[in-house]
Participant: 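Let me begin by handing over the structure; questions about it come next.
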Amino acid sequence: FIFLATNTSIISLLAGVSVERTVMFHRWIGYLLLGTVTLHLALQWRDHAVLSQDRSVTFSNPKYRAGFMAWCTLIAIAVFSMPFVRLKSFEFFKISHFLVAAFFVFVVMHTSEVVPFLVAAMTLYAVDKTLQAVMAARTVTTVDIDATIVGAIKIVFPSAACRSASVTAPGQYVYINVPAISLFQWHPFSLTTMLGEHAEICVREVGGFTRSLRALGSQLAAAGRPLSLRVDGPYGRPGLHVPDGGACALFAGGIGITPIIAFVRAVYGLDGRKKPASGEIVWPEDLSTARSVIYLTWVVGYAEYYNWFSADLQAAMQVAMTDSGVPQLCLTVAVTRSNRAVAPPLQTGRPDISAQLRVIADRHDAPVEVHVCGPPGMVQDVWDAAVAAQLRGRRVHFSRETFMI
């Protein structure tokens, strides 16, 4: 159970599945445990009420009081693990998980038979945390900090800070700890690039740790000083690829563009490539089906967010138009919270994902790889569109990333 949610899980290593995939099973088993304990409590309550004709008798026994308190701690952990809590207050979500210590105490008070199992679980957890601390023990300083972009901050650090650098792939992520903010908080962020000597992350300011990170980064950048941090990772095994003669439909919501940008940079060889001069790039209307095509739809709240990666996207479009050896690129950036005029590739209003994917699937005889990284509503819309295409006999392969661990 605990192994399914740890970074250095032996299950992840043996099965070749990264922690952001196995943590789903961790949640399922957690809910199963809560359901089982709830059923056990209900049956015991019923039996004692039938025998004694007085439900209050149950709480006169310390053993049953402890069992009830164990159930209450499980309820609290389940509530504090809801998606809206994990997304809005990741620090509180992680801290609230330590209520499991109270659960263990109450369970032992309820029955001592569980002690060997609890000792094994805590040992595995301690081993995982020890490995994480050893692997990320070295503190590194940043190479560059860009806090000038609206609503986010870019941090470049030596790629040597990442372990297993030889097996990195676009779309992986790392855990970052900033000792100046907290010695114990580790937060996951997607790598936007990790080629050569440098790695980069882009962090959107949403509150708590990210707000503190942007404020600290802005101060240090203004003073010309580096930021000290620790890095654990990379993690994740993304399977993004472009089918020969087929299409890859990528959908991103807000900061969900970061793993996709890493993929775009790799496909079009942008790392180390000189960026083109700025200027409007008009994408041709007639796409050739003889070449593979990447359709990228990025949904942002404000047009200024496009500047997070505008240089990279413009460079990718230029490479796609001049190099027949790489996939064509069709880019749409949808601005949802502003009605002021924008220039291509930006457009105002929410995109019709269902119509987009229907046109893409009908246009290509080869399989269409569909990948989405964004909020749950967007993921569901893309999933529904992919299922609709499959029901019409189109070959569509769906995959997704998630904001939340």
Side-chain angles (χ1 to χ4, degrees), residues 168-173 190-193 195 236-271 273 281 283-300 309 312-334 345 351-374 378-390 392-402:
T168 56
Q172 290 185 304
Y173 64 94
S190 295
L191 289 166
T192 55
T193 186
L195 291 179
R237 293 175 176 84
L240 279 173
H241 71 281
V242 184
D244 292 338
C248 183
L250 306 175
F251 296 89
I255 199 62
I257 191 66
T258 49
I260 292 176
I261 278 293
F263 177 68
V264 169
R265 281 176 165 175
V267 169
Y268 296 101
L270 299 184
D271 292 275
R273 184 188 297 269
I281 299 177
W283 180 246
E285 295 290 332
D286 185 20
L287 294 173
S288 170
T289 55
R291 285 169 59 191
S292 299
V293 184
I294 292 179
Y295 299 88
L296 172 53
T297 300
W298 182 16
V299 182
V300 296
F309 299 106
D312 296 286
L313 293 173
Q314 288 178 5
M317 287 190 289
Q318 187 177 67
V319 172
M321 287 189 293
T322 57
D323 186 351
S324 61
V326 298
Q328 300 173 91
L329 177 62
C330 185
L331 173 65
T332 300
V333 181
D352 188 339
I353 293 176
S354 178
Q356 279 186 331
L357 200 51
R358 182 171 59 251
V359 171
I360 294 171
D362 290 345
R363 198 171 195 280
H364 297 270
D365 294 329
V368 177
E369 295 288 334
V370 178
H371 186 79
V372 57
C373 183
M378 183 179 192
V379 173
Q380 186 63 50
D381 288 344
V382 177
W383 166 257
D384 291 341
V387 170
Q390 290 175 336
R392 290 187 294 106
R394 301 301 181 184
R395 289 184 292 171
V396 175
H397 303 154
F398 175 87
S399 62
R400 69 180 179 89
E401 296 294 329
T402 178

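Everything numeric in this text was worked out from a predicted model, so none of it was measured.
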Participant: Measure across Ala320 and Val326 and return the closest heavy-atom pair with its distance rounded to 0.1 Å.
Facilitator: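 Ala320 and Val326 have their closest heavy atoms at CA-CG2, 3.9 Å.
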Participant: Closest approach of Gly171 and Ala262, non-hydrogen atoms and distance?
Facilitator: N-CB, 3.8 Å
Participant: If you take all heavy atoms of Val368 and Ala361, which pair is closest and at what distance?
Facilitator: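 Between these two residues, the closest heavy atoms are CG2-CA, 4.2 Å.
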Participant: Please examine the side chains of Pro351 and Val299, heavy atoms only from C-beta on, and report whether any two atoms are closer than 4.5 Å.
Facilitator: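 Val299 vs Pro351: side chains touch.
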Participant: Taking side chain as C-beta onward, heavy atoms only, is Val333 less than 4.5 Å from Val300?
Facilitator: yes
Participant: Do Val293 and Pro327 touch side chain to side chain, with heavy atoms closer than 4.5 Å?
Facilitator: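 Answer no - side chains too far apart.
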Participant: Say you draw a straight line from CG of Asp323 to CD of Gln328; how long is it, rounded to the nearest 0.5 Å?
Facilitator: 11.5 Å
Participant: Any donor and acceptor pair, going by atom type alone, linking the side chain of Arg395 with main-chain N or O of Asp365 inside 3.5 Å?
Facilitator: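 Yes, the answer is positive, given that a donor and an acceptor are paired below the 3.5 Å cut-off.
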Participant: Do you know which two heavy atoms are closest between Ala386 and Val396, and how far apart they sit?
Facilitator: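 The answer is CB-CG1, 3.9 Å.
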Participant: Is any side-chain heavy atom of Val382 less than 4.5 Å from a side-chain heavy atom of Val370?
Facilitator: yes
Participant: Determine whether Ile261 and Thr258 make a side-chain contact, defined as any pair of heavy atoms from C-beta on separated by less than 4.5 Å.
Facilitator: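 No, side chains not in contact.
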Participant: Please walk me through it: do Asp312 and Val264 pass side-chain contact (heavy atoms from CB on, under 4.5 Å)?
Facilitator: CA-CA 8 Å; Asp312 296 286; Val264 169; over 6 Å; no
Participant: Quick one: pull up CD in Gln318 and OH in Tyr268 and give me the separation to the nearest 0.5 Å.
Facilitator: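 Reported to 0.5 Å precision, the distance equals 13.0 Å.
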Participant: Within this structure, what is the CG-CG distance for the pair Leu331 and Leu329, rounded to the nearest 0.5 Å?
Facilitator: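 Spacing of CG (Leu331) from CG (Leu329) equals 6.0 Å.
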Participant: Arg392: what forms a salt bridge (charged side-chain N to carboxylate O under 4.0 Å, His left out) with it, not counting sequence neighbours?
Facilitator: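 Salt bridge (charged side-chain N to carboxylate O under 4.0 Å, His left out) list for Arg392, sorted by chain: Asp362.
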Participant: To the nearest 0.5 Å, how far apart are OG1 in Thr297 and CG in Leu250?
Facilitator: 8.5 Å
Participant: Can you tell me how far the CZ atom of Arg265 sits from the CG atom of Leu313, to the nearest 0.5 Å?
Facilitator: 9.5 Å
Participant: In Å and rounded to the nearest 0.5 Å, what is the CD1 to OG1 distance from Ile255 to Thr192?
Facilitator: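 Atom-to-atom, Ile255:CD1 and Thr192:OG1 are 9.0 Å apart.
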Participant: Would you find a donor on one side and an acceptor on the other, under 3.5 Å apart, between the side chain of Trp298 and the backbone of Gly254?
Facilitator: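 Flag set: sc Trp298 to bb Gly254 pair under 3.5 Å.
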Participant: Between Val372 and Phe398, is any pair of side-chain heavy atoms under 4.5 Å apart?
Facilitator: yes
Participant: Parallel, tilted or perpendicular: which one describes the rings of His364 and Tyr295, with boundaries at 30° and 60°?
Facilitator: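 Perpendicular.
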Participant: I'd like to know if the side chain of Glu369 pairs up with that of Ser399 as donor and acceptor (distance under 3.5 Å, no hydrogens or angles considered).
Facilitator: no
Participant: Quiz question: by atom type and distance under 3.5 Å, do the side chains of Asp384 and Gln380 form a donor-acceptor pair?
Facilitator: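 Side-chain D/A pair, Asp384 to Gln380: present.
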Participant: Can you name the residues that form a ring pair (Phe, Tyr, Trp, His ring centres under 6.0 Å) with Phe263, not counting sequence neighbours?
Facilitator: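 Partners of Phe263 by the ring pair (Phe, Tyr, Trp, His ring centres under 6.0 Å) criterion come out as none, since no residue qualifies.
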Participant: Check whether any side-chain heavy atom of Ile294 lies under 4.5 Å from a side-chain heavy atom of Val267, and answer yes or no.
Facilitator: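 The answer is yes; the side chains approach within 4.5 Å.
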